[in-house]
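Note that these values count all heavy atoms, side chains included, but never hydrogens, waters or copies made by symmetry. Please read all numbers here as calculations on a predicted model, not as lab measurements.
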Amino acid sequence: QVQLVESGGGLVQAGGSLRLSCAGSGRTFSGYFMGWFRQAPGKEREFVAAIRWSDGSTYYADSVKGRFTISRDNAKNTQYLQMNNLKPEDTAVYYCSAHLDSVLVTTAKAWGQGTQVTVSS
């Protein structure tokens with residue numbers, strides 16, 4: 001069973017940067033897609049980015065493309081989300097996730113506990 005633990009959230013001014021980490025345990029991520037989702041108050045959880053663990057292929061929501069970068073460290077079984085040029089609308093709780101095929105809220109095999117990212121204007 002995959003278990004995910006996130007870290008790295010916080011408060012930052014608009015234009016600043018943060019890096020989120022998601023460490024996995026219980027098994028390796030080979031064969032998985034690993035994702036990041038976010039949920040703002042009063043809104044549904046939405047897709048942010050994903051990476052195919054086997055070959056490092058990456059996928060992004062249009063709203064973060066060019067500003068966020070997802071990456072992985074095989075040796076540490078950890079994925080990262082580097083967030084640059086942050087905007088107030090990026091404020092949300094960010095969750096990492098594990099999927100076997102399509103990266104959707106409904107297909108997650110595991111979720112991290114969530115980490116708050118707050119961007120002040």
Side-chain angles (χ1 to χ4, degrees):
Q1 183 177 357
V2 175
Q3 294 179 320
L4 305 173
V5 178
E6 303 169 28
S7 59
L11 172 64
V12 64
Q13 289 187 331
S17 298
L18 283 173
R19 189 177 81 154
L20 307 182
S21 300
C22 175
S25 62
R27 61 161 295 152
T28 65
F29 293 149
S30 176
Y32 278 75
F33 287 83
M34 303 302 294
W36 288 95
F37 287 74
R38 66 187 181 187
Q39 188 165 18
K43 295 188 176 182
E44 294 186 350
R45 193 169 296 190
E46 65 175 7
F47 170 76
V48 175
I51 187 166
R52 183 161 56 192
W53 203 262
S54 59
D55 64 3
S57 297
T58 57
Y59 311 86
Y60 297 95
D62 288 343
S63 58
V64 307
K65 203 171 293 184
R67 300 188 297 122
F68 291 11
T69 302
I70 189 171
S71 63
R72 75 199 191 302
D73 185 326
N74 284 329
K76 296 181 178 180
N77 224 32
T78 299
Q79 64 159 331
Y80 304 96
L81 185 68
Q82 176 67 42
M83 304 184 294
N84 297 329
N85 190 22
L86 282 160
K87 304 176 180 181
E89 52 264 41
D90 294 319
T91 295
V93 177
Y94 283 69
Y95 299 90
C96 64
S97 59
H99 309 257
L100 285 175
D101 39 58
S102 55
V103 183
L104 303 171
V105 172
T106 54
T107 63
K109 298 301 181 184
W111 290 100
Q113 80 281 9
T115 185
Q116 177 70 47
V117 171
T118 302
V119 184
S120 63
S121 57

Straight-line distance of R67 CZ to N85 CG, nearest 0.5 Å: 6.0 Å
Point-to-point distance, once rounded to the nearest 0.5 Å, from CZ of R72 to SG of C22: 14.5 Å
Spatial distance of atom CD (Q3) from atom CZ (R27) [nearest 0.5 Å]: 13.0 Å
Contact summary for S97 and A108, nearest pair of heavy atoms: CB-CB, 4.3 Å
Distance-minimising heavy-atom pair for Q82 and N84: NE2-OD1, 2.9 Å
Nearest heavy-atom neighbours spanning C96 and Q79: CB-NE2, 3.5 Å
Test salt bridge (Lys or Arg N to Asp or Glu O under 4.0 Å) applied to D90 and K87, step by step: CA-CA 5 Å; D90 294 319; K87 304 176 180 181; over 6 Å; no
Separation between CD of Q13 and OG of S120, rounded to the nearest 0.5 Å: 5.0 Å
Point-to-point distance, once rounded to the nearest 0.5 Å, from CD of Q116 to OG1 of T91: 7.0 Å
Cluster companions of V103 among Ile, Leu, Val, Met, Phe, Trp, Tyr (side-chain spacing under 4.5 Å): F33, F37, F47, Y59, V93, Y95, V105, W111
Beyond-backbone contact of R38 with S63, side-chain heavy atoms, under 4.5 angstrom: yes
Considering all heavy atoms, the nearest A40-A92 contact: N-CB, 3.8 Å
Rounded distance (nearest 0.5 Å) linking atom CZ of R52 with atom OG of S30: 12.0 Å
Members sharing L4's hydrophobic cluster (side chains within less than 4.5 Å): V2, V12, L18, L20, F29, Y32, M34, W36, V48, I51, W53, Y60, V64, F68, I70, L81, M83, L86, Y94, L100, V117, V119
